[in-house]
Amino acid sequence: MTIIRDQNTPRGDFVFYSDRVIRLLVEEGLNYLPVVSKEVITPMGVPFQGVTFEGRICGVSIMRAGESMEQGLRDVCTSVRIGKVLIQRDERTAQPKLYYSKLPKDIADRWVLLLDPMLATGGSAIKCIEVLLEAGVKEERILFINLICSPEGALTMLERFPKLQIITAEIDEGMDEHKFILPGLGDFGDRYFGTE
Ligand code: URA
């Protein structure tokens, strides 16, 4: 996190270390899925009382920055389905507006790992969760995975969706007047995709 927060970190390192954190967050998120007991027999011929996840998952990335987290999910979940949503601020109303969404058809039966690296005001994430709920996803089956939260953003989301689970690396101090997280790491999408 120190490396990716450093303004002097070159892009290659920013991507490399962000990917490492994302992978850890996705692995941690999978620990929140419910499991049932499962017995297997080890090569020693001895039973082992383990666990297994019997549900199904999918990812949903909030474009564009959330797309940076898709590979981390693919790395740990083989052939995982990944939906996408594009939400942007409507200049007329100043409210987040849905421009595009493409979700797995059976998303209502799945656990959803919602991917967006920076939770600032929560405007886009709230809009995205509304879209997921309309598609039939259960609130308690949404795991929101991000690298950095503002305290305001995290509180707003949890007040609005009390059964939502947020998996984050760090909760920062606040936001500036442009709603950038402080101390933060700047614009994640620009640094990750090299569009600064
Ligand atoms: N999105 C970013 O990329 N950075 C912030 O600080 C807030 C939102």
Side-chain angles (χ1 to χ4, degrees), residues 15 18-19 21-22 25-26 29 57-74 80-108 110-172 174-182 184-196:
V15 170
S18 296
D19 287 348
V21 178
I22 290 165
L25 289 168
V26 172
I57 69 158
C58 70
V60 172
S61 65
I62 303 184
M63 293 158 76
R64 165 185 71 140
E67 292 173 302
S68 65
M69 303 174 75
E70 293 177 2
Q71 191 57 47
L73 177 59
R74 286 186 214 285
V80 64
R81 289 167 197 238
I82 299 183
K84 286 180 194 274
V85 292
L86 174 61
I87 292 160
Q88 278 177 338
R89 214 172 97 109
D90 185 322
E91 295 304 336
R92 206 170 37 85
T93 63
Q95 294 302 313
K97 182 174 168 191
L98 175 70
Y99 281 87
Y100 171 84
S101 76
K102 189 80 184 173
L103 303 171
K105 288 201 173 51
D106 57 356
I107 195 164
R110 291 178 183 266
W111 288 74
V112 176
L113 278 77
L114 178 60
L115 309 173
D116 195 10
M118 305 292 280
L119 167 53
T121 61
S124 306
I126 286 173
K127 183 80 196 160
C128 182
I129 291 175
E130 285 170 1
V131 172
L132 296 177
L133 297 177
E134 272 167 37
V137 179
K138 296 193 179 66
E139 186 181 310
E140 62 273 23
R141 290 195 180 179
I142 303 174
L143 309 175
F144 181 18
I145 301 190
N146 61 69
L147 279 86
I148 301 181
C149 289
S150 77
E152 299 93 323
L155 274 177
T156 306
M157 301 252 7
L158 292 172
E159 271 166 18
R160 180 74 187 272
F161 306 112
K163 296 184 203 146
L164 173 73
Q165 307 195 70
I166 301 179
I167 293 109
T168 190
E170 285 176 343
I171 299 176
D172 269 11
M175 285 181 284
D176 72 4
E177 67 275 23
H178 304 294
K179 306 300 179 196
F180 271 79
I181 299 175
L182 298 174
L185 51 68
D187 188 305
F188 187 94
D190 278 350
R191 293 187 69 191
Y192 195 94
F193 294 113
T195 48
E196 291 142 288

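Numbers here are sequence positions counted from 1. We use all heavy atoms of the structure for the numbers below, so side chains are in, but hydrogens, waters and symmetry mates are not.
Side-chain contact between Ile107 and Arg81: absent, with no pair of heavy atoms (C-beta onward) separated by less than 4.5 Å. Taking 4.5 Å as the limit, some side-chain heavy atom of Val112 sits within range of a side-chain heavy atom of Cys58. The side-chain heavy atoms of Arg74 and Ile82, taken from C-beta on, include a pair separated by under 4.5 Å. Side-chain contact between Ile166 and Asn146 is present, with heavy atoms from C-beta onward closer than 4.5 Å. Counting only heavy atoms from C-beta outward, the side chains of Gln71 and Asp19 never approach each other to under 4.5 Å. The closest side-chain heavy-atom distance from Leu133 to Glu139 is below 4.5 Å. Contact of the Ile129 side chain with the Met157 side chain is registered, since non-hydrogen atoms from C-beta on lie closer than 4.5 Å. Side-chain contact between Ser18 and Phe188 is present, with heavy atoms from C-beta onward closer than 4.5 Å.
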Let me see the working for Tyr99 and Met63 under side chain to side chain contact (heavy atoms under 4.5 Å, CB included), right down to the final yes or no.
-> CA-CA 10 Å; Tyr99 281 87; Met63 293 158 76; over 6 Å; no
Give the C-alpha distance, both sets of side-chain angles, the deciding distance and a yes or no for side chain to side chain contact (heavy atoms under 4.5 Å, CB included) between Ile167 and Leu113.
-> CA-CA 10 Å; Ile167 293 109; Leu113 278 77; over 6 Å; no
Take Lys138 and Lys163, measure what side chain to side chain contact (heavy atoms under 4.5 Å, CB included) needs, and give me the verdict at the end.
-> CA-CA 9 Å; Lys138 296 193 179 66; Lys163 296 184 203 146; over 6 Å; no
Could you walk me through whether Ile62 and Lys127 pass the side chain to side chain contact (heavy atoms under 4.5 Å, CB included) check?
-> CA-CA 10 Å; Ile62 303 184; Lys127 183 80 196 160; over 6 Å; no
Given the rule in the side-chain hydrogen bond (donor to acceptor under 3.5 Å, both in side chains) test, do Thr195 and Asp190 qualify, once you have shown the distances and angles that lead to the verdict?
-> CA-CA 5 Å; Thr195 48; Asp190 278 350; 2.6 Å; yes
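Arg141 and Arg110 get closest at one heavy-atom pair: CD-O, 3.9 Å. The two residues Ile87 and Pro96 have their closest heavy-atom pair at CG2-CB, 3.8 Å. Minimum heavy-atom separation, Val21 to Ala169: CG1-CB, 4.1 Å. Between Ser150 and Ile181, the shortest heavy-atom contact is N-CD1, 4.0 Å. Contact between Asp172 and Gly184 at its shortest, heavy atoms only, is OD2-N, 2.8 Å. Of all non-hydrogen atoms in Asp116 and Ala65, the two that sit nearest each other are OD1-CB, 4.2 Å.
Between the CG atom in Leu147 and the CG atom in Leu115 there is a gap of 10.5 Å [rounded to 0.5 Å]. The distance from atom OG1 of Thr156 to atom CZ of Phe161, rounded to the nearest 0.5 Å, is 11.0 Å. How far CD1 of Ile22 is from CD1 of Ile145: 10.0 Å, rounded to the nearest 0.5 Å. Rounded to the nearest 0.5 Å, atoms OG1 (Thr168) and CZ (Phe144) are 8.5 Å apart. Note that CD of Gln88 and CG of Leu98 are 10.5 Å apart. Values are rounded to the nearest 0.5 Å. Here CE of Met175 is found 8.5 Å from CG of Leu119. Values are rounded to the nearest 0.5 Å.
Formation of a donor-acceptor pair under 3.5 Å by the Ser101 side chain with backbone atoms of Val85 is not found in this model.
More than 12 non-hydrogen atoms from other residues, nucleotides or ligands lie less than 6.0 angstrom from CZ of Arg64. With a 6.0 Å radius and a threshold of 12 heavy atoms from other residues, nucleotides or ligands, Ile171 has its CD1 atom at or below the threshold.
A salt bridge links Glu130 to Arg160: one of the charged nitrogens lies within less than 4.0 Å of a carboxylate oxygen.
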